[in-house]
Trainee: 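Handing you this structure, nothing more for now.
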Number of protein chains: 2
Amino acid sequence: MVTTLKPQLGANPERARSHNKQLVLRAIRHVGTAGRAEIARASGLSTQAVSNIISDLLREGLLVEQGVRSAGRGLPVQQYAIKPDGGYAFGVEVRPTAVFIALVDLVGTPLLTQRTPLVDAQKATILDTVSAQLDDALSKTHVPKALLMGAGIVMPGPFGDTGLTGADSELPGWNTGDPAESFANELDLPVFVENDANAAAMAERMNGVARGLDDFAYLYFGQGLGLGLVQNGQAVQGAFGNAGEIGHITVIVQDRPVELETATSRLSVQAYLAGQGVTVTDMDDLNSLYSSANRHLLVWLDQAAQALSSALSIIENLFDPQTVILGGAMPDDLLDHIIAHTVLPERSVANRPDRTHPRLMRGTSGRMTATLGAAALVLHQAFTPTIAEAR
Amino acid sequence: MVTTLKPQLGANPERARSHNKQLVLRAIRHVGTAGRAEIARASGLSTQAVSNIISDLLREGLLVEQGVRSAGRGLPVQQYAIKPDGGYAFGVEVRPTAVFIALVDLVGTPLLTQRTPLVDAQKATILDTVSAQLDDALSKTHVPKALLMGAGIVMPGPFGDTGLTGADSELPGWNTGDPAESFANELDLPVFVENDANAAAMAERMNGVARGLDDFAYLYFGQGLGLGLVQNGQAVQGAFGNAGEIGHITVIVQDRPVELETATSRLSVQAYLAGQGVTVTDMDDLNSLYSSANRHLLVWLDQAAQALSSALSIIENLFDPQTVILGGAMPDDLLDHIIAHTVLPERSVANRPDRTHPRLMRGTSGRMTATLGAAALVLHQAFTPTIAEAR
DNA sequence: GCGTTAACTCAACTTTCTTGAGTGTTCAAG
DNA sequence: CTTGAACACTCAAGAAAGTTGAGTTAACGC
């Protein structure tokens, strides 16, 4: 049982500067627009240091001047903001039958999103497709590759050979070797790999309802159900990258134990409705069933809300999050309905009067949630000071 | 919904040096004894920088020379090790009826542990008792207070006014104000507050079976059952400090849903045996019942193992830990029995062939586990490089 | 023996931060 | 309307901590 120490780097002037740059960017991003003195106070650096760093960032094109603001006495504040076209992030979501991509700018605005079907799900095919899609996206948007800060990849887990191996959502050929390395070699970019739920959570943290939150959970409706966890501002990956496999735990619905995923997921609603003679193939079908108040759908929603209540109890008591977000490939109306009908457990550490956020919120929904989340991984990294983490 | 940015500090020469010192200490601690060049390679610093830092640490009395080792060609390595009496940590466990304390040295060896009954559980009484115990411990061991690096405090949660408030394990008067601040003022030391499970987990990580692990879980048998979580080398506290309240989640035992804590905890075994006409008051009673193969105890152990199996499934699938440790105020033999009879869930991300540690292990047991864990919090902090974290 | 290897030291240099004095703008009190 | 306090920012000098490259020392292996 030999354990190797996680590599961590020492601080030297160069790494310190890089850390401080990210710290300044993060501070500006958080308030939208800020002046030197304000940043200095927030970061414990001298005004002079912040001044030097900002002039660096201006030269690198990551910041823009944003006019002056005179707030009370003293010299008016020269303000700075993130320059949207100062950098770009590429997001990729790999599914067994198609690849989704998104190109977003430094503030998270999507410039382009698209879907490409896969002829097969072999590793080589996927790598080639993603590479071609990157070139395509860059040429369509006229973004120079030099401004691309990295690629975020969302892939269906679990990673490696586990007790869940054999599930139908998997891709062949990825269980050996490090997927991040394969993509990094193919795309010649820094690569960040995550599961869909964590990526969606990071998207919500960068530009959604979880802006600025450091501890929250995200229940992602995909094929199955995934749990994204953010602790201390970082996505929780677990020792082998497979944290958040909440779909297979047992919950109580109508006094009977069931696997959570069989009660609440896209497959689950399809299967249930099929059993009642109703066929749904996409989100639009679900939407129209819901607007016509389909009886079977309402029954399913009711039991999904019950299952969710149990899941919520587990998540809240184990993580004590600021909030739990519900989102993913499920229509807004259905998510809202589920949220409205979910009983918030009384006996929970989250049941406290001094909350700033609701216990359960709806996040971004729709097909591109995870893809945009993939791009958010890159942005997150750009705005997170890390002096010590070796890559 | 205004969110404040978690304060993070910029790097300057002074903070960089402090970071690097902790990095060097950590590297030496991990291998026991190390030379300059080796540390330089591990930390990405130059040999010269490490040299300067080590001479600082020698002067401060945190390191000792440890002879030379000639490994292959070249100049023999001058080795260094942590100096045990270079610093001390004070651990406190507050329970409703008594206070437990421990004083440990820099490598974690306990110099003194003791228990003091509380006349009442009022905040002032507890603060006074702990303060007196600190003075007592220092004078008995002749440790100068200047060498005390801090105090770790273990208190029964949950902290703040939550949906679990009203449980009998609580202390009056702590729901308002920051406990850490109260203790810091009283003891005039840096203070770290944690729950029993997280503290036990950190103890296991510093000097126990989890040495060097960065991602694992610890199921702590106390009054109830607590979950300690270590993610990325840090204890998971949750947004309000109440993560790990696993006792109140529902699991399936003999096809019936029960609260986990009613199936596996010290109170649970006492209550069950009392129902069978068997009275147990302490761990010795349990031990003798077990060695006489008491039928009722064996039945209880069997259902505790069942409950644990469900809990394990949840923990493994949500966290994907390197291992799950069982420990706390329960005799070794009983823990071993439970571990031997727990079915490891098949459908789990933790069920993988390339594991380095068993899925379920026994940690330190006994009454002082959490108290020593409290002291370990201080040591953990001393050996963890943190350039950015504001306090 | 003698050259190679490797750890370590010394001294010069570089980067980056801090400090303190100085400048310019705004507001408020007299 | 003047004057002074408050505040953001700049400039230049100084300090802290890192890196670099040349030199020293000791052990191994041919």
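First the proteins, then the strands, lettered A, B, ... as listed; each starts at 1. Being a predicted model, the structure only gives us computed values, none of them experimental. Reckoned from all heavy atoms, side chains included, excluding hydrogens, waters and symmetry mates.
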Trainee: How many whole angstroms separate atom NZ of Lys21(A) from atom P of dT15(C)?
Mentor: 13 Å

Trainee: DNA chain D: Thr47(A) or Arg15(A), which has the more 5' nearest nucleotide?
Mentor: Thr47(A)

Trainee: Under 4.0 Å between a Lys/Arg side-chain N and an Asp/Glu carboxylate O for Arg211(B) and Glu204(B)?
Mentor: no

Trainee: Of Leu45(A) and Gly74(A), whose nearest nucleotide on DNA chain C comes first from the 5' end?
Mentor: Leu45(A)

Trainee: Is a donor on one side and an acceptor on the other found under 3.5 Å between the side chain of Asn198(A) and the backbone of Ala235(A)?
Mentor: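 Answer holds: no.
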
Trainee: What is the distance, rounded to the nearest whole Å, between atom NE2 of His19(A) and atom C1' of dG18(D)?
Mentor: 16 Å

Trainee: Between dA8(D) atom P and Ile39(A) atom CD1, what is the distance in whole Å?
Mentor: 12 Å

Trainee: Give a yes or no on this: more than 12 heavy atoms of other residues, nucleotides or ligands lie within 6.0 Å of atom CD of Glu14(B).
Mentor: no

Trainee: Consider the side chain of Ala37(B), meaning its heavy atoms from C-beta on, and name the nucleotide among dT18(C), dG18(D), dA7(C) that approaches it most closely.
Mentor: dA7(C)

Trainee: Specify the residue among Pro13(A) and Gln78(A) whose closest nucleotide of DNA chain D lies further upstream toward the 5′ end.
Mentor: Gln78(A)

Trainee: Figure out the CZ/P separation between Arg69(A) and dC7(D), and round it to whole Å.
Mentor: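 Taking CZ of Arg69(A) and P of dC7(D), I get 13 Å after rounding.
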
Trainee: Between Phe383(A) and Arg29(A), is there a cation-pi geometry (under 6.0 Å to ring centre, at most 45° from the normal)?
Mentor: yes

Trainee: According to a strict under-4.0 Å criterion, is Arg17(B) in side-chain N/O contact with OP1 or OP2 of dG18(D)?
Mentor: yes

Trainee: When the distance from CG of Asp56(B) to C1' of dA16(D) is rounded to whole Å, what number comes out?
Mentor: 12 Å

Trainee: So, does Ser70(B) get its side chain near the phosphate of dC28(D), meaning an N or O under 4.0 Å from OP1 or OP2?
Mentor: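 Yes, such a contact exists.
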
Trainee: Between Asn20(B) and dG18(D), is there a side-chain N or O to OP1/OP2 distance below 4.0 Å?
Mentor: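 The answer is yes; a side-chain N or O of Asn20(B) sits under 4.0 Å from OP1 or OP2.
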
Trainee: Which nucleotide wins on minimum distance to the side chain of Arg41(B), given the candidates dC17(C), dC7(D), dA7(C)?
Mentor: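 Between dC17(C), dC7(D), dA7(C), the one nearest the side chain of Arg41(B) would be dA7(C).
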
Trainee: Rounded to whole Å, how long is the line connecting atom CD of Glu38(B) with atom P of dT5(C)?
Mentor: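 So the CD-P distance, Glu38(B) to dT5(C), works out to 21 Å.
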
Trainee: Is the shortest side-chain N/O distance from Arg36(A) to OP1 or OP2 of dT10(D) below 4.0 Å?
Mentor: yes

Trainee: Measure the CD-CD1 distance between Gln48(B) and Ile53(B) for me, rounded to the nearest 0.5 Å.
Mentor: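 Rounded to the nearest 0.5 Å, the CD-CD1 separation comes to 10.5 Å.
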
Trainee: At less than 4.0 Å, is any side-chain N or O atom of Ser51(A) found next to OP1 or OP2 of dT10(D)? Yes or no.
Mentor: yes

Trainee: From the options dC17(C), dC7(D), dG18(D), select the nucleotide whose nearest atom is closest to the side chain of Leu75(A).
Mentor: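 The answer is dC7(D).
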
Trainee: Look at the side chain of Gln48(A) against the base of dC11(D) and say whether a donor-acceptor pair falls under 3.5 Å; ignore hydrogens and angles.
Mentor: yes

Trainee: Ignoring backbone atoms, establish whether Asn52(B) has a side-chain N or O less than 4.0 Å from OP1 or OP2 of dG18(D).
Mentor: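 So the side-chain polar atoms of Asn52(B) never come under 4.0 Å of the phosphate oxygens OP1 or OP2 of dG18(D).
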
Trainee: I'd like to know if the side chain of Thr109(B) and the backbone of Asp105(B) have a donor-acceptor N/O pair within less than 3.5 Å.
Mentor: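 No; zero donor-acceptor contacts below 3.5 Å.
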
Trainee: Taking CD1 from Ile53(B) and P from dT19(D), how many angstroms apart are they, rounded to a whole number?
Mentor: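 Distance, rounded to whole Å: 9 Å.
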
Trainee: Does Arg73(A) put a side-chain nitrogen or oxygen below 4.0 Å from OP1 or OP2 of dA8(D)?
Mentor: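 For Arg73(A), the contact criterion (side-chain N or O under 4.0 Å from OP1 or OP2 of dA8(D)) is not met.
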
